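See structure below.
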Protein chains: 2
Amino acid sequence: MPSLRDAIADDLRAQIAAGHLEAGARLPSEPRLAAQYKVSTPTLRNALSLLQAEGLIEKIHGKGNFVRHPLRRLTYTGGLLTPDTDLYVTIRTTNLRARGDLIPLLKVPSRTPLTEFLYLTHQRESPHSLARIYVPQDLVPAKLPWRRPGWAETQETVTARVPTPEEASTLRISSTLAVLAITRVSCDTTGRVVEAARLVLPGDRANALFISHHTTEERGTEE
Amino acid sequence: MPSLRDAIADDLRAQIAAGHLEAGARLPSEPRLAAQYKVSTPTLRNALSLLQAEGLIEKIHGKGNFVRHPLRRLTYTGGLLTPDTDLYVTIRTTNLRARGDLIPLLKVPSRTPLTEFLYLTHQRESPHSLARIYVPQDLVPAKLPWRRPGWAETQETVTARVPTPEEASTLRISSTLAVLAITRVSCDTTGRVVEAARLVLPGDRANALFISHHTTEERGTEE
DNA sequence: GAGTGGTCTAGACCACGAG
DNA sequence: TCGTGGTCTAGACCACTCA
């Protein structure tokens, strides 16, 4: 016996899949939908939150619930998102001093002057991904983007988690939707960290792709 | 102004981190906790569901809410999990024929004979990660593990999502806990796929690490 | 100001686990 | 049988958006 919220979610999913509710369309208001399905508003909201966690709808406070555009998955590869056509980017630059997690991440002393670039990408007006990039202030390039000569090695640590409340609200995703969190650290040939980045990609809209080529020496090794 | 559920979740998180609530311990019952925090039971349950999605607690119907054992994060690097000390592995081998998703993944014709290796790793009696590895039957190595000479390139596609119901039950995790899903495809020098793998790593217990070295030509490129 | 979603309450009833 | 979590109700009040 499926619960009411699952039954309602199934019904709405089917309506979206069948095209009865088009991408971008606004759903009836929550009290209206609750009356239609003969349930209380919390139960209906529970059903909607399932759809939100799947990335099917977007809730906008004060405006309504909207059917999301079918997800075009973007692929993150080597620091770039593809395709980057109709992807809008907002950048905010802040100067700050190293503290907390940033100190071991960038391997710098406390209070080292840093520049933070906050990237917020949008796809068709809806937020898509979030990146915070930290660069020691004496290395800040004169013009963006960043990838510069002199880089020798990049380490990317990938984890899956739920977004923090701030991430959820800026990306307008449910706090239960899985995100791909990537911490990227790039060093130059001397081992100095030239850039550290924290990326947050909603799991339903992005993949990350890593390609490695095996050299002959590596190929011969056994376990 | 943080919401009540976030404030309660923060408090419980802090208590778990501080060791006031030990691993394996049962939390007070939900009505009791609700009274303690002076909130209604739905609000308290809302807070608990946040902790559940983070993998901090496990809800067992009819028994209670339990603090999960502290996560020892394992790191996945280039096809291996480290550290592999006290990590137990169960392997099940099955012969089957290519169908569905496996056909494009391995770039083989339909019904090509394949061998599937199902890996289930355990850490301290509790399931840790799940891997399904597919190899064309004529390439199955005489002895395990797999990494063989002749491999030229490996592509790894990483995504974050919630587990399927089967994955949630075999890994004994909540269906709201994010997992890292990695699809790994390895080719030989002729471009033939010699192995494809689907890995599922619970987000609270595993990272994936990718290291790339930049060659001199790459280092010169702009944008 | 009117309409929307966001949060919260104070209950009720059901389903599961263990003695 | 008892205590647990799971679901649901019928409201209340607040915060946000837009005219």
Side-chain angles (χ1 to χ4, degrees), chain A residues 1-12 21 24-53 55-68 125-127 163-177, chain B residues 1-12 21 24-53 56-68 165 168-169 172-177:
Chain A
M1 166 84 66
S3 64
L4 282 179
R5 70 149 174 268
D6 288 336
I8 294 170
D10 284 347
D11 187 64
L12 289 171
L21 291 168
R26 214 203 83 191
L27 270 62
S29 77
E30 297 183 353
R32 205 174 290 274
L33 278 174
Q36 185 178 321
Y37 285 109
K38 300 198 204 318
V39 296
S40 67
T41 41
T43 300
L44 182 104
R45 283 175 54 73
N46 241 319
L48 291 183
S49 74
L50 293 180
L51 299 185
Q52 192 194 16
L56 283 175
I57 66 167
E58 178 175 2
K59 305 181 75 82
I60 305 183
H61 191 165
K63 295 184 71 174
N65 297 298
F66 297 84
V67 179
R68 277 184 54 187
E125 305 302 310
S126 89
T164 65
E166 306 93 58
E167 290 167 354
S169 72
T170 50
L171 293 173
R172 286 211 226 111
I173 56 177
S174 148
S175 60
T176 59
L177 176 65
Chain B
M1 165 85 69
S3 64
L4 282 179
R5 71 148 174 271
D6 288 336
I8 295 169
D10 284 347
D11 187 65
L12 290 170
L21 291 168
R26 214 203 82 191
L27 271 62
S29 75
E30 296 184 352
R32 204 174 291 273
L33 278 174
Q36 186 179 319
Y37 285 110
K38 300 199 203 321
V39 296
S40 67
T41 42
T43 300
L44 183 104
R45 284 175 53 72
N46 240 321
L48 291 184
S49 73
L50 294 179
L51 300 184
Q52 189 193 18
L56 283 175
I57 66 166
E58 180 173 5
K59 300 180 78 78
I60 305 183
H61 192 165
K63 294 184 71 175
N65 298 298
F66 297 85
V67 180
R68 281 187 54 188
S169 71
R172 284 210 231 112
I173 56 177
S174 147
S175 61
T176 58
L177 177 66

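Every chain is numbered from 1 and lettered A, B, ... according to where its sequence line falls, protein lines coming before strand lines. Every heavy atom of this structure was used, including side-chain atoms; hydrogens, water molecules and symmetry mates were not. Here the structure is a predicted model, which means the values were calculated and not measured.
Residues satisfying the salt bridge (charged side-chain N to carboxylate O under 4.0 Å, His left out) test with A:D11, not counting sequence neighbours, are none. Partners of A:S169 under the side chain to side chain contact (heavy atoms under 4.5 Å, CB included) rule, at least two apart in sequence or in another chain, do not exist in this structure. Take A:D6 and apply the salt bridge (charged side-chain N to carboxylate O under 4.0 Å, His left out) test, not counting sequence neighbours, and it matches no residue. Here A:I60 pairs with A:E58, A:K63, A:F66, A:R172 under the side chain to side chain contact (heavy atoms under 4.5 Å, CB included) rule; sequence neighbours left out.
Summarising the geometry, the separation between CG on A:L48 and P on C:dG5 is reported as 8 Å, rounded to the nearest angstrom. One can place CG of A:D6 at 8 Å from P of D:dT7, the figure rounded to the nearest angstrom. Atom P of nucleotide C:dT9 and atom CZ of B:R5 are separated by 12 Å, given to the nearest angstrom. Rounding to whole angstrom units, CG of residue B:L33 and C1' of D:dT4 are separated by 13 Å. Between the C1' atom of D:dT9 and the OH atom of A:Y37 lies a distance of 19 Å, rounded to the nearest Å. Nucleotide C:dA10 holds its P atom 16 Å from the CG atom of B:N46, rounded to whole Å. Note: CZ (A:R172) to P (C:dG5) measures 15 Å, nearest angstrom. Per the geometry, CG belonging to A:L44 stands 16 Å off P belonging to D:dT7, to the nearest Å.
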Going by atom type alone, with no hydrogens or angles, which donor-acceptor pairs under 3.5 Å involve a side-chain atom of residues 24-32 of chain B and a protein atom two or more places apart or on another chain?
residue, atom, partner, partner atom, Å
B:S29, OG, B:R32, N, 3.4
B:E30, OE1, B:R45, NH1, 3.0
B:E30, OE2, B:R45, NH1, 3.2
B:E30, OE2, B:K59, NZ, 3.0
B:E30, OE2, B:N65, ND2, 3.3

**Request:** Could you run through nucleotides 11-19 of chain D and give me one letter per nucleotide, 5' to 3': B if any protein heavy atom sits under 4.0 Å from the base, S if only the sugar-phosphate is that close, - if neither?
**Result:** B---BBSS-
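Among D:dT9, C:dT9, C:dT4, the nucleotide with an atom closest to any side-chain atom of B:T43 is C:dT9. Nearest to the side chain of B:R26, among D:dT4, C:dT4, D:dG6, sits D:dT4. The side chain of B:L4 approaches C:dT9 more closely than any other nucleotide in the set D:dG5, C:dT9, D:dC8.
When the nearest nucleotides of DNA chain C are assigned to B:V39 and A:N65 by heavy-atom distance, the more 5′-ward of the two goes with A:N65.
When each of A:N46, A:L44, A:V39 is checked for a side chain to side chain contact (heavy atoms under 4.5 Å, CB included) with A:L4, only A:V39 meets the rule.
The shortest distance between the side-chain N/O atoms of A:S3 and the OP1/OP2 oxygens of D:dG6 is not below 4.0 Å. Contact between the side-chain N/O atoms of A:R45 and the OP1/OP2 oxygens of C:dG6 is found at a separation under 4.0 Å.
Considering every non-hydrogen atom in both A:P163 and A:S174, the closest pair reads CG-O, 3.7 Å.
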